[in-house]
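Structure record follows, encoded as structure tokens.
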Protein chains: 2
Amino acid sequence: MDLSDRKSKILKAIIEDYISTAEPIGSRTISKRIDLKLSSATIRNEMADLEEMGYLVQPHTSSGRIPSDLGYRFYVNELLKKYSFNVNQLEQIRKAFSVKLLQLDSIVREAGNLLARSNGRYISLVTMPESESLSIRRMGLMYMDAHTFLAILVKSDSMVHNKVIYTQIEVTEESVNLLSQVLNTKLAGLHLDEITPESLTEIATYLGESAPILIPVVEFLKEVLTPKEGAPVYYSGTTNILSQPEYTDVHKAKELIDFLENNQDLQKLIPDRSSKNENISVSIGRENKAKALKDCSTITITYKAGKNATGKIGIIGPTRMDYANVLQSLEGISLHINTLLGQLYQMDGSEEVVKNKPKKRPVRRLE
Amino acid sequence: MDLSDRKSKILKAIIEDYISTAEPIGSRTISKRIDLKLSSATIRNEMADLEEMGYLVQPHTSSGRIPSDLGYRFYVNELLKKYSFNVNQLEQIRKAFSVKLLQLDSIVREAGNLLARSNGRYISLVTMPESESLSIRRMGLMYMDAHTFLAILVKSDSMVHNKVIYTQIEVTEESVNLLSQVLNTKLAGLHLDEITPESLTEIATYLGESAPILIPVVEFLKEVLTPKEGAPVYYSGTTNILSQPEYTDVHKAKELIDFLENNQDLQKLIPDRSSKNENISVSIGRENKAKALKDCSTITITYKAGKNATGKIGIIGPTRMDYANVLQSLEGISLHINTLLGQLYQMDGSEEVVKNKPKKRPVRRLE
DNA sequence: GTTAGCACTCAATCGAGAAGAGTGCTAACA
DNA sequence: TGTTAGCACTCTTCTCGATTGAGTGCTAAC
């Protein structure tokens with residue numbers, strides 16, 4: 001769908017004005033604003049055309065025009081000039097990540113917070129990276145007292161999990177240390193589905209009568225390694241939208257926030273329209289799967305964490321969103337966490353893990 | 001300050017009505033509602049008295065009365081009959097805590113969430129338990145690759161911390177394991193200020209040329225064990241207040257939420273008025289230290305975690321708060337987390353830690 | 001193709017009046 | 001002396017019509 005150069009300019013001007021004012025835009029405003037000198041009457045004619053073509057809507061006769069979903073879509077696809085990266089901005093992003101954040105979940109979560117703070121007007125969201133199946137990179141146990149020990153697991157995606165485990169039977173420091181060592185050598189590099197009953201019984205033989213403590217440990221492994229269907233979404237800056245004029249009605253705001261908090265499955269919220277080679281996905285208004293988001297736009301970008309794990313980070317706001325700005329900071333942040341995570345994974349002793357890993361792993365189907 | 005029985009009854013009726021309706025209460029409403037049969041005119045006289053005494057205020061002449069801060073205070077101190085515990089309710093609280101939550105921070109945080117959910121109208125807050133000085137209960141390292149290992153610390157309050165540490169120099173699995181063992185035997189039971197340069201050099205001697213890896217480990221210990229001044233406050237259900245009539249104005253709501261998020265120091269928000277032997281503190285309206293909370297009431301209860309560590313859990317809402325209900329569920333939840341944490345600490349091998357701990361520890365001053 | 005001009009539309013604003021809830025005060029009553 | 005009925009008064013809220021003003025569509029002229 002093509003538009004004349006003049007129509008494009010007018011549409012762009014309307015959208016950008018509306019993005020910043022949230023008020024319907026009249027022909028006079030545009031005729032004054034735009035570079036090509038045209039009278040309001042001419043603009044009016046063009047606006048009527050644009051409305052007929054579906055790019056603009058009128059809240060009521062004799063009011064200014066506001067962009068339709070289609071209008072925003074055209075804006076995003078065609079009119080948004082490639083934003084140039086501000087080196088300064090990238091530097092600021094880098095600074096915002098404090099040095100001590102060297103763990104995956106902190107990095108990702110902090111990225112979400114940063115995003116929410118950096119625009120201050122929209123809600124930001126992140127999902128933790130999900131890879132189809134995770135393996136055990138490293139694990140260990142730590143004796144605490146006769147009935148307690150700590151289980152620690154480093155997954156192949158570098159996330160660390162730990163759990164305090166209480167046992168009925170008494171354990172000794174030696175037996176815990178022994179189990180720790182055995183577990184590590186036997187299980188490191190394995191996926192959950194590669195932990196067979198046979199290997200477990202083998203491990204149990206090393207333990208003698210303290211074998212039962214293996215049970216809660218395996219529970220823990222299962223719990224942590226089982227791929228969660230639909231990574232949970234973390235929202236940040238939910239109350240940012242309270243400063244948006246479209247949410248001066250508290251009920252609307254609460255409805256949206258409640259909806260988000262109760263719908264943790266990002267897949268169900270937004271369509272997967274990163275069909276192009278781009279990994280950025282922009283969903284405008286009714287393009288979102290959820291009806292509750294019909295007046296919102298969601299922009300998400302996919303980041304990589306390791307070989308085949310990806311997560312998303314994004315923004316939810318009213319359709320009247322500052323797309324240019326959001327896209328830019330989103331891309332800036334994703335760029336940065338990609339490098340951060342890249343560093344994190346570069347340090348992986350991947351070879352070492354690989355040598356322990358059988359070649360023929362059951363293939364996990366994607367549903 | 002004493003009130004006649006009848007005045008008390010009228011005040012109570014007004015407050016409870018106002019709590020549930022948020023509308024100024026007129027004399028006729030009370031004359032119909034209350035058990036002792038009195039005409040509206042009589043009630044009016046009594047209300048005029050109560051206003052003169054400062055328990056009620058009139059938003060404007062010829063409107064009903066609403067309780068003043070003093071009125072609420074009287075209500076809380078004198079009129080609130082001792083709530084009886086509902087066994088059912090306690091059972092529900094118990095169920096709400098899923099079994100897998102066996103770590104201090106999850107327990108406390110979950111308590112906050114539960115509190116926010118259970119009333120659904122107010123903001124809940126929790127602070128992590130703070131004890132003056134924490135010691136190392138147990139620590140360990142876990143080798144990951146030639147430049148990476150994981151440091152794990154279990155503090156005396158049972159909180160587990162871990163951090164991925166990257167080293168410039170190469171480390172071997174053996175050296176990490178050795179250090180792990182040495183650290184544990186040498187440092188377990190110690191407070192931060194008991195870790196002397198001498199003990200560190202002693203440890204270093206065990207390590208030979210891989211001694212430098214001790215540095216980031218000590219950094220980590222410092223970071224985790226240094227007592228934070230003013231435990232951070234975690235809020236939950238901040239958007240709950242959006243459903244309250246006093247916050248239909250979005251700006252007010254946003255102001256409050258922003259204020260809370262930017263003021264993490266609970267000490268500065270509310271006065272420490274748990275002066276009685278009670279550990280519950282109720283601050284009504286302007287009794288709060290922060291002016292931003294002048295239309296809010298805060299109720300906090302202190303829970304115990306271990307011997308001398310305490311944290312707070314509480315509720316923030318409009319002064320028109322359902323005190324009876326909030327107090328009850330607050331006490332219920334604190335009761336439960338006290339027992340949960342009690343179990344957690346009972347399992348502490350305290351003797352074992354004690355034997356390693358020198359008697360004369362530098363006394364830390366309270367400021 | 002562009003523009004000036006004009007009649008028209010419709011939301012938002014304003015103000016006057018009416019309604020209604022509630023009070024204070026007075027006088028009568030038990 | 002305490003309680004109550006009644007009435008005038010106050011003040012908010014609601015309603016409704018008039019006004020305003022931003023903006024449009026259309027027509028005619030350039």
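Computed from a prediction, not measured in an experiment: that's the story for all the values here. The figures that follow rest on heavy atoms only: side chains count, while hydrogens, waters and symmetry mates do not. Residue numbers begin at 1 in each chain, while the letters A, B, ... track the order of the sequences.
- Residue B:Thr42 has its side chain nearest to D:dT4 when only D:dT4, C:dA21, C:dC10 are considered.
- Between B:Arg44 atom CZ and D:dG6 atom P the separation is 12 Å, expressed in whole Å.
- When each of C:dC10, C:dT2, D:dT24 is scored by its nearest atom to the side-chain atoms of A:His60, the top-ranked nucleotide is C:dC10.
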task: Would you sort out whether A:Arg286 and A:Asp295 count as a salt bridge (Lys or Arg N to Asp or Glu O under 4.0 Å), showing the intermediate values?
output: CA-CA 7 Å; A:Arg286 290 172 193 283; A:Asp295 296 319; 5.6 Å; no
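- Side chain of A:Ser62, nearest nucleotide from D:dG23, C:dT3, D:dG25: D:dG23.
- Between B:Arg65 and C:dT23, a side-chain N or O to OP1/OP2 separation shorter than 4.0 Å is present.
- Distances shorter than 4.0 Å separate none of the side-chain N or O atoms of B:Arg28 from OP1 or OP2 on D:dA5.
- Interatomic distance, CG of A:Leu11 versus CZ of A:Phe74, reported as 6.5 Å (0.5 Å rounding).
- The distance from atom CD of A:Glu23 to atom P of D:dA22 is 12 Å, rounded to the nearest whole Å.
- Separating the CD1 atom of A:Ile25 from the C1' atom of D:dT24 is a distance of 15 Å, rounded to the nearest angstrom.
- Rounding to whole angstrom units, CD of residue B:Glu46 and P of D:dG2 are separated by 10 Å.
- Between the CG atom of B:Asn325 and the OH atom of B:Tyr323 there is a distance of 13.0 Å, given to the nearest 0.5 Å.
- The side chain of B:Thr61 contributes no N or O atom lying less than 4.0 Å from OP1 or OP2 of C:dT23.
- A:Ile257 contributes atom CD1, which lies 5.5 Å from atom CD1 of A:Ile123 (distance to the nearest 0.5 angstrom).
- Base pairing of C:dG15: its partner is D:dC16, meeting the Watson-Crick or G-U wobble criterion (both donor-acceptor distances under 3.5 Å).
- Shown here, D:dT27 forms a base pair with C:dA4; the pair counts as Watson-Crick or G-U wobble because both key distances fall under 3.5 Å.
- Listed candidates were D:dG23, C:dC10, D:dT3. Nearest to the side chain of A:Thr29 is D:dG23.
- Side-chain N/O atoms of B:Arg73 and B:Asn77 include a donor and acceptor closer than 3.5 Å.
- In terms of phosphate contacts, B:Ser63 brings no side-chain nitrogen or oxygen within less than 4.0 Å of OP1 or OP2 of D:dC11.
- Nearest nucleotide to the B:Ser39 side chain, out of C:dG24, C:dG5, D:dT4: D:dT4.
- Listed candidates were C:dA4, C:dG24, D:dT3. Nearest to the side chain of A:Ala41 is C:dA4.
- Comparing D:dA22, D:dG25, D:dT3 by their closest approach to the side chain of A:Gln58 singles out D:dG25.
- Rounded to a whole Å, the CG atom of B:Asn45 is 15 Å from the P atom of C:dA27.
- The phosphate of D:dT3 has OP1 or OP2 within less than 4.0 Å of a side-chain N or O from B:Arg6.
- Put simply, CG on A:Leu56 is 11 Å from P on D:dG25, counting in whole angstrom units.
- The separation between A:Ile10 atom CD1 and D:dT24 atom P is 12 Å, rounded to whole Å.
- Residue A:Glu51 contributes atom CD, which lies 11 Å from atom P of D:dC26 at whole-angstrom precision.
- Look at A:Asp69 and A:Lys294 and you find no salt bridge, because none of the NZ, NE, NH1 or NH2 atoms lies under 4.0 Å from a carboxylate O.
- Contact annotation for A:Ser27: backbone-only contact, meaning every heavy-atom pair under 4.0 Å involves sugar-phosphate atoms and none involves a base.
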